[in-house]
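Data first, discussion second: the structure below is written as structure tokens.
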Amino acid sequence: MIPVDLQVVWQVMKWPLAACLLLPPLLVYLGLHVVKREVIFVDLALAQVATLGTCVALLMGYDFHDRISFWISLGVTFGAAALFSWSRSSQKRPVPQEAIIGITFVVAAAGVILMLSRVAGGKEELEHLLTGDILNVTALEVMQRAGVFVLLALFFATFHKRFALISSNPDEAFAGGMRVRLWDFLFYAAFAIVVVSFVRVAGVLLTFAYLIVPAVCAVMLAQRWMSRLTVGWVIAAAASLLGLTASYQMDLPTGAAIVCASGLLLILVSMYASLRKA
Amino acid sequence: MKIISFLHLSVLAPIAAWSLATSASRVPPPAAVIHVVATTPDLAALAREIGGDAVEVKALAKATEDPHFVDAKPSHIVTLNRADVLIEGGADLEIGWLPPLLESARNDRIATGAPGRIVASQGIRMLDVPSTLDRARGDVHALGNPHFLIDPINVRTIAATIAEHFALVNPKSADLFRANLKKFDATLDVHLATWLKQMAPFKGAKIVTYHKDFVYLAERFNLEVVETLEAKPGIAPSPAHLAQVISTMKAQNARVILVQPYQNRKTAETVARQTDATVLDMAQQPGAIDGTGTYFQLMDYIVTLLSTALQEKK
Ligand SMILES: [Zn+2]
């Protein structure tokens with residue numbers, strides 16, 4: 001263990017902490033949609049596609065931090081977003097959407113491996129893309145993402161009713177003459193922006209954990225959108241604090257510590273939920 | 001109500017854990033000792049030789065870790081934050097992981113150009129300096145091959161640089177540092193004479209390495225690295241390249257492959273089976289292999305292992 005000096009702790013952990021408290025709320029909201037739609041792995045697949053996009057940029061000779069590699073990654077991820085909104089909207093489908101999501105994930109993951117085999121230090125790069133580098137997140141990176149997320153949150157808040165309807169009751173939306181396909185694409189496109197910008201600081205695993213675990217906990221504990229959102233935020237914040245503390249105290253990789261803390265909280269919440277039911 | 005009680009549970013638990021943690025013992029640093037951080041264990045070992053009791057040395061990378069890729073952990077930032085001196089290999093060895101850690105650590109004492117910042121590559125005659133730069137050619141270091149501590153002559157230069165900087169940072173102990181440097185140089189001279197004698201019979205012997213990480217050793221002891229298992233530095237070996245390595249090894253009768261602990265030994269074994277070669281567990285970091293805690297022990301180990309294998313395969 002490291003001898004603790006509060007000032008040093010603060011200096012080392014303040015921006016990771018800021019990132020882990022400010023950014024997850026929007027992720028939780030999207031997670032609630034994804035749980036409703038029962039397409040849990042869509043975010044894992046999108047996060048992996050985002051990584052694939054980054055690898056395309058790396059292979060083209062751009063650096064991970066170049067702005068252009070962000071845009072390439074976003075472009076590739078929009079492609080997947082279009083695929084997902086199409087595969088959901090096409091009504092009579094013999095192929096379940098989960099199959100398409102799963103295949104997307106596997107092919108993207110394999111594509112990443114193939115591309116990184118041509119990049120110096122590819123094996124290590126692969127691990128970094130998976131686990132991210134939330135510990136070294138900078139003030140600028142947190143601010144930029146917070147700005148984008150606030151804009152997107154306004155977008156989702158404005159059209160929340162429509163998004164809620166197509167997530168929870170798509171048949172009714174179709175029947176009511178809503179342009180489900182368009183709204184679905186807007187949903188996945190916005191989703192893609194969130195995932196791409198968060199994956200670049202937090203890695204695939206942490207992004208997935210923030211999207212799903214708080215939302216699943218919220219569904220177990222609350223009913224309405226607003227209360228679920230609140231519970232989700234609290235869970236995300238608790239997982240962040242727990243994970244960051246563990247990472248500091250036991251000197252563990254930060255992102256992975258937060259993911260495991262989320263898992264632990266999920267177990268506690270599901271035990272509490274089943275006790276409450278009994 | 002239920003949600004509220006749940007709020008308590010999830011928020012209070014980590015805060016309690018946090019405050020518990022922060023109340024742990026604080027150890028004030030002893031006054032005159034300078035806190036030294038080295039990026040790699042080999043640099044740390046040199047710092048210990050020169051600094052003696054007047055320094056406290058920590059290495060960021062573990063001995064068994066690839067120095068090109070070190071995973072960031074909170075302790076790294078804390079260590080850098082408190083350091084009086086940072087010794088880095090330089091020549092882009094740590095470029096993938098040190099800069100963000102330094103940015104997070106915010107420590108002017110070890111800023112670029114400060115007396116507390118030692119860049120080992122300064123003053124070294126670099127090998128493998130590329131004439132053109134292109135990421136597609138692999139992890140080509142623009143400033144030359146950074147694995148230069150494996151050459152004892154380079155180590156002599158670096159030890160002098162370290163002593164100089166230590167004296168600037170802590171003038172009170174300057175005499176001690178100078179005396180330690182003198183002792184180190186004398187020991188190095190004795191050892192080097194032995195190592196050169198041990199390796200003399202194998203002048204021009206052909207070896208194969210996994211990465212381009214033994215070029216300085218090869219130059220010092222007149223060996224020839226005929227192939228590397230990586231086609232390009234940092235890029236995992238491909239089947240086609242390995243086939244080429246095998247045919248080169250057969251044609252040139254190279255039958256020794258050097259592998260470091262963090263490199264893929266299985267790849268080397270596959271090649272060795274086809275070429276009747278021996279895979280040698282080499283290391284450039286003191287402590288990566290048992291009984292090699294100091295630079296001298298490590299070099300003794302390397303030279304003995306290498307000369308024995310070359311003798312057998314002669
Ligand atoms: Zn190298």
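We name chains A, B, ... by the order of the sequence lines, and we start the count at 1 in each one. Computed from a predicted structure; not experimentally measured.
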Exercise. Would a distance-only check, ignoring hydrogens and angles, find a side-chain to backbone donor-acceptor pair under 3.5 Å from A:Asp66 to A:Ile68?
Worked result: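 Checked: no pair found.
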For this session: Would you confirm whether B:Arg109, through its side chain, and B:Ala83, through its main-chain N or O, come within 3.5 Å as a donor-acceptor pair?
Result: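 Such a contact is found between B:Arg109 side chain and B:Ala83 backbone.
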Problem set entry | Contact summary for A:Ala47 and A:Val199, nearest pair of heavy atoms | CB-CG2, 3.7 Å
For this session: Mind listing the closest non-hydrogen atom pair of A:Ile235 and A:Pro214 along with its distance?
Result: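 In this case the closest contact between A:Ile235 and A:Pro214 is CG2-CA, 3.9 Å.
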Problem set entry | Note: A:Arg145-A:Glu141 ion pair, threshold 4.0 Å (strictly below) |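 Salt bridge absent between A:Arg145 and A:Glu141.
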For this session: Considering only NZ, NE, NH1 and NH2 on the basic side and carboxylate oxygens on the acidic side, decide whether B:Arg117 and B:Glu88 come within less than 4.0 Å.
Result: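 B:Glu88 and B:Arg117: salt-bridged.
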Problem set entry | Contacting region of A:Leu59 [heavy-atom separation from chain B under 4.5 Å] | neither
For this session: Answer with side chain, backbone, both or neither: which region of A:Thr131 has an atom nearer than 4.5 Å to a non-hydrogen atom of chain B?
Result: neither
Exercise. Regarding A:Arg200 and the six-membered ring of A:Phe70, is the cationic atom NZ or CZ under 6.0 Å from the ring centre and inside 45° of its axis?
Worked result: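 Pair A:Arg200/A:Phe70 does not count as cation-pi.
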Exercise. Heavy atoms under 4.5 Å from chain A: which residues of residues 93-103 of chain B carry them?
Worked result: B:Pro100, B:Leu101, B:Glu103
Exercise. Side chain, backbone, both or neither: which part of B:Ala231 has a heavy atom under 4.5 Å from chain A?
Worked result: neither
